[in-house]
Amino acid sequence: MKHEDPSRLQPAQPTDTSVALASRLRSNTRGEVMFDDASRGRYATDASIYQVMPVGVFVPTDDADVRTAIQIARELKVPVLPRGAGTSQCGQTVGACLVIDGSKHLRNVLALDVQRRTARVQPGLVLDHLNAQLKRHGLWFPVDVSTSAQATLGGMAGNNSCGSRSIAYGNMVHNVIGAQLRLADDAVLHAGPVGGLSGRAAEAAQFVRTLADAHRAEIEAHWPRVMRRVGGYNLDIFHPQSERPYTANGNVNLTHLFIGAEGTLGFTEALDLRLSPLPRAKVLGVVNFASFHRAMDSAQHIVKLGPTAVELVDRTMIELARANPAFKPVIESALIGAPEAILLVEFSGEERDALLRTLHRLIELMADLGLPGSVVEMPDEAPQKALWEVRKAGLNIMMSLKGDGKPVSFIEDCAVPLQHLAEYTAALTDVFARHGTRGTWYAHASVGTLHVRPILDMRRDGAAKMRAIAEEASLLVRKFKGAYSGEHGDGLCRGEWIRWQFGPRLDDAFRAIKRHIDPENLFCPNRIVDPPKMDDASLFRFAPSYRTIELKPVFDWSAWNVQNDPTTETIGPPGSGGDSTAGFGKAVEMCNNNGHCRKFDAGTMCPSYRVTRDEQHLTRGRANTLRLALSGQLGADALTGAAVRDALDLCVGCKGCKRDCPTGVDMARMKFEVQAQRRQRLGATLKDRLIAHLPDYAPWASRAPWLFNLRNRSRTLARALQRLTGLSAQRRLPVWRRDTFTRRADRLGLVSRDALLAAHAAGSKAAVLWTDTFNDHFEPEVALAAVQVLQAAGYAVHLARGANGRVPCCGRTHLAAGDIDAARAKARALLHTLQPLAERGIPIVGLEPSCLLTLRDEYLVMGLGEAADTVAAQALLFEEFIVREARAGRFAPRWRAAVQPMLVHGHCHQKAFGLMDGVQAALRLIPGAQVSMIESSCCGMAGSFGYEAAHHEVSMRMAEQALLPAVRAAKDALIVADGTSCRHQIADGASIAAKHAAQVLAAHLSE
Ligand SMILES: Cc1cc2nc3c(=O)[nH]c(=O)nc-3n(C[C@H](O)[C@H](O)[C@H](O)COP(=O)(O)OP(=O)(O)OC[C@H]3O[C@@H](n4cnc5c(N)ncnc54)[C@H](O)[C@@H]3O)c2cc1C
Ligand code: SF4
Ligand code: SF4
């Protein structure tokens, strides 16, 4: 089959073929068929610098779907590209093909043999998910890539991925022992040890053996002899060249030909994996170096001690980690002074004592090498784990650089023999300097693969510099007899170097393999064989022709509208970046597609992906959709159109990404921006208005609660209102109360504004309580409890009220509805009330996380001037305030001991601001309090989200992910949740009345 080069083919419009393909896939499979521009756009990129529009996207439900799709594509002559999590860094998963995404449904462990330590898995299974299942058997699959929470086994096999501990366990190729592939002609190839093959596998093995024999001399002359070599096809399985043999017993296994084939030979339906026992003990020694060169030079000596990992973190990375509040204490625990580099040296095995002895030998070795006192010993698991997380986050930390210059991946995993590492890194650093850039070094010193990405601006002179640096780097690799492609695969950026590395004859041999196994060139054409040039600008995501639309955003995004200078390491002032969208576009472009948001473990990001597993409902998918819209690639007015609306529809605005995304993509704020742009163009819906104006009609509703609560008592009314407003009839709405907090406030002994100022001036304990609409009108008990606690500790408490006697609202409901003008007006009124108090340094205490934290987040980018900064500096959540005061010795009421364990669910915004430790610390002020956290993402209610009929089901699924099961299981525990919506969701889903921490503290005050 002759294809147009899929790298170049960028089909903007549907063709007859693509229409036919979509139609036949829809009729003949059960999978999802996505051929619209936005869906294709979301699959046009991976973690590389490239972008190529696929013909269409297919998400199969099972192997039968895959088989049918391949056959239909073959008949219509549309190439096929298999894809996992799409975290490849070299453009392996982009191409003008039918992309088949196996990550959503093809993710089962098909068989597990604990005795033999083998597992058979589907290709879309994520490594961490496999290892979670293996843990109880004392086993793991040890190719521990940094993307272990996202990377699929199929993708890892496709790229021949390598983990931090490859010196001990090898790469994918050393740990996969069998594979089942669907070939283009519908045959199934069962790969395994060559002795036992039959059918297509036996034929293929015979072909490759003959080819390898014919090229033996070439193989011996050109094959890099380093352990990290992933370029080309593994033609050397019959004449192994690596310092680590493919198999322990020297037998040949045909499977290894397909590892690292990058999807070019067939679709992997199943993989047989060899598992390893989980090491019982691990110890870590962190060696501190005053010079980078010494660190590099020492690696060759350290590996002789038999470590399971030797990983580098250089000075820049250390400084970047130090600048991150979450990583700072961790990295500092590993440092002695201010080193230029550290090496993380891990030893693992069965016996801790033996490992401790080896750790001691490391200390002796470093002293012998002239570096006494350079090792920080970490014999315990918790600090080790924390430090590994920092190392694993290395690349992502680096990618958080603002401006158009970004660290670019293209020579980042050249591998050289260890004895040349110091010379190689020094020479490459010089190359960077000559080209006016610099690179940060990190990763696998144990195997001579150091990651480094020079900072280049692909919109300007990046491509030319990339070519020049690659040429010079390749000369160094050749000089030191290394491998140009050592870890992340070939894809688009290293394909052209295969011929350079192996020579024309071996390159022709690779072509022969491709032709034999995929004669119709169906799978990923122009990859590995006949690849395009790496610097072909038509393939770039940000080519020099990249432009963004003109846009006046409602928020201030100027912090992103900057340029950086790699040589001086400086970043220009806010607003200096020349962005036609005043920084909004550049904030969106911070997403580098690394896929970190496809995670299911700790943290919040991204609840909608966790329940849907759809690229569209993932932070990355949303950022890509916005980027395409802002750059005009989805047509005119796309920002306010259906594709963007749909991509943002299930974003609950939890801000999980603001904290968990390594480059700080804040989709919650971006969604507000889009809502505002949309409203400006299209106006508001009735539902938007109902929700936005809730604080305005709340005082009226509380005067006639029986009327406003009627809807909760009548199914017919609820259904009618659902039709009218979109609010779900399946939900109880919050119950209006006549006895609001504001109405009861006069009887609580609160102090006037003047009395507060006087108390504060006299050095007495004083605080402003700012109540939100929700706690005021629906759960006044929360605010009452807060007053009780503060007064019990001796505080003069003043309730913030506006001139009309009402408590001003923060305006968040207007922000959510996109009404920025109304939100600003509300914000100004609130600031007017609070600023004079904040100016005097009086703390402003709030109870509802989303409302209070709006003062510290959105207010700062709404053009509200200095008042916003002044108030933000004094605005504290109730527990933050209490813990601060308790630590200063000013908060010591008398307590009753706790009798029930406490289980805390954090509001997403509390988590996003890193405030959960404070909540736990506040609760622990109660004597005997046993406090633990529920490891949960968003509760699913998220303001009005869960009340909407269109979101009810997704909302409940989010809650059922972790929160509701945990709450139900904790029968005798007190459930603590500060968010009004979270408490509502817990009540709806588990019939349990969760409490705000203020209520818990008040209940434990001694009479
Ligand atoms: C921040 C970051 C850190 C990284 N760290 C590491 C690291 O430590 N070590 C490392 O080796 N890599 C690393 N990578 C690269 C990447 O994460 C790994 O290569 C990973 O294993 C790819 O898995 P994936 O599921 O994303 O595969 P994808 O990117 O989706 O696919 C990878 C290749 O496999 C092919 N493929 C996928 N599924 C199939 C199938 N069913 N049949 C046939 N072919 C298939 C694809 O066509 C493609 O060629 C890193 C990437 C990032 C962004
Ligand atoms: S949104 Fe953040 S975490 Fe997700 S892919 Fe983009 S940069 Fe990575
Ligand atoms: S705000 Fe929450 S739901 Fe929205 S993209 Fe970020 S993590 Fe996902």
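What's counted below: heavy atoms across the whole structure, side chains too, no hydrogens, waters or symmetry copies. In listed order, ligands and their atoms are each counted from 1.
Looking at atom 3 (S) of ligand 3, its nearest protein heavy atom turns out to be V652 N, 3.4 Å. The closest protein non-hydrogen atom to atom 27 (O) of ligand 1 is G155 CA, 3.2 Å. Of the protein's heavy atoms, L395 CD2, 3.3 Å lies nearest to atom 1 (C) of ligand 1. For atom 33 (C) of ligand 1, the closest heavy atom belonging to the protein is N159 OD1, 3.3 Å. Regarding atom 6 (Fe) of ligand 3, its nearest protein heavy-atom neighbour is C657 SG, 2.3 Å. For atom 1 (S) of ligand 2, the nearest non-hydrogen atom of the protein is T619 CG2, 3.6 Å. In terms of protein heavy-atom proximity, atom 22 (C) of ligand 1 is closest to T87 OG1, 3.3 Å. Looking only at protein heavy atoms, the nearest one to atom 5 (N) of ligand 1 is S146 CB, 3.5 Å. Regarding atom 8 (Fe) of ligand 3, its nearest protein heavy-atom neighbour is C606 SG, 2.5 Å. Taking atom 4 (Fe) of ligand 3 as the reference point, the nearest protein heavy-atom neighbour is C651 SG, 2.4 Å. When only non-hydrogen protein atoms are considered, atom 7 (C) of ligand 1 lies nearest to E487 OE2, 3.2 Å. At the shortest separation from atom 5 (S) of ligand 3 among protein heavy atoms lies R622 NH1, 3.1 Å. For atom 39 (C) of ligand 1, the nearest non-hydrogen atom of the protein is P82 CB, 3.6 Å. Atom 41 (N) of ligand 1 has T268 O, 3.2 Å as its closest protein atom, hydrogens excluded (heavy atom only).
Here is the list of ligand 3 atoms found below 4.0 Å of a heavy atom in M667: 5 (S), 6 (Fe). Taking a cut-off of under 4.0 Å to the non-hydrogen atoms of S88, the atoms of ligand 1 that pass are 28 (P), 29 (O), 31 (O), 32 (C). Which parts of ligand 2 touch N592 is read off a 4.0 Å heavy-atom cut-off, strictly below it: atoms 7 (S). Under a 4.0 Å criterion applied to the non-hydrogen atoms of A151, ligand 1 contributes the atoms 20 (C), 21 (O), 23 (O), 25 (O). The atoms of ligand 1 that sit less than 4.0 Å from any heavy atom of P123 are 41 (N).
By the 6.0 Å and 45° rule, R453 does not stack over the aromatic ring of W441. Relative to the ring axis of W560, K402 places its NZ or CZ within 45° and under 6.0 Å from the centre. A cation-pi arrangement is present between R165 and W388, with the terminal nitrogen or guanidinium carbon under 6.0 Å from the aromatic centre and inside a 45° cone about the axis.
The six-membered or imidazole ring of Y609 lies away from that of H617, with a centre-to-centre distance of 6.0 Å or more. Ring centroid separation for the pair H129 and F600 comes in under the 6.0 Å cut-off.
Assignment of G595 to the shell around ligand 2 is supported, since a heavy atom sits closer than 4.0 Å. Residue contacts with ligand 1 leave out G102, since none of its heavy atoms falls under 4.0 Å from the ligand. By the 4.0 Å heavy-atom criterion, D46 is excluded from the residues contacting ligand 1. Taking a 4.0 Å cut-off on heavy atoms, S103 fails to register as neighbouring ligand 1.
When atom types are taken as modelled, the side chain of H444 and the backbone of H451 share no donor-acceptor pair closer than 3.5 angstrom. The closest donor-acceptor contact from the side chain of N159 to the backbone of S161 lies at 3.5 Å or more, if one exists at all.
Proximity of A47 to ligand 1, defined as any heavy-atom pair under 4.0 Å, is confined to the side chain (atoms from C-beta onward). Neither the backbone nor the side chain of K658 comes within contact range of ligand 3; no heavy atom lies under 4.0 Å.
Comparing heavy-atom distances from atom 51 (C) of ligand 1 across E262, Q89, R527 singles out Q89 as nearest. Scanning G84, S161, G260 for the heavy atom closest to atom 21 (O) of ligand 1 points to S161. Of the options P607, C654, G603, the smallest heavy-atom separation from atom 2 (Fe) of ligand 3 is shown by C654. Of the listed options R228, H488, M156, H488 places a heavy atom closest to atom 12 (N) of ligand 1.
Considering backbone and side-chain atoms alike, H444 places every N or O at 3.5 Å or more from each N or O of ligand 1. Residue N594 places no N or O, backbone or side chain, under 3.5 Å from any N or O of ligand 1. On a distance-only criterion, T93 and ligand 1 share no N/O pair closer than 3.5 Å. The shortest N or O to N or O distance between L81 and ligand 1 is not under 3.5 Å. The shortest N/O to N/O separation between C162 and ligand 1 falls below 3.5 Å. Taking distance alone, with nitrogen or oxygen atoms compared against 3.5 Å, A85 approaches ligand 1 more closely than that limit.
Residues S103 and R598 bring a donor and an acceptor atom of their side chains to less than 3.5 Å of each other. For the residue pair R610 / T604, no side-chain donor-acceptor distance below 3.5 Å is found, with atom types taken as modelled. Counted by atom type alone, N593 and T45 present one or more donor-acceptor pairs between their side chains at under 3.5 Å. Y169 and N175 are not linked by any side-chain donor-acceptor pair at a separation below 3.5 angstrom, with hydrogens and angles left out of the test.
Between R74 and D186 there is no salt bridge, since no side-chain N of the basic residue sits under 4.0 Å from a carboxylate O of the acidic one. Electrostatic pairing of R527 and D490 does not count as a salt bridge here, judged by no charged N lying under 4.0 Å from a carboxylate O. Salt bridge status for K655 with D857: present, with a side-chain N to carboxylate O gap under 4.0 Å.
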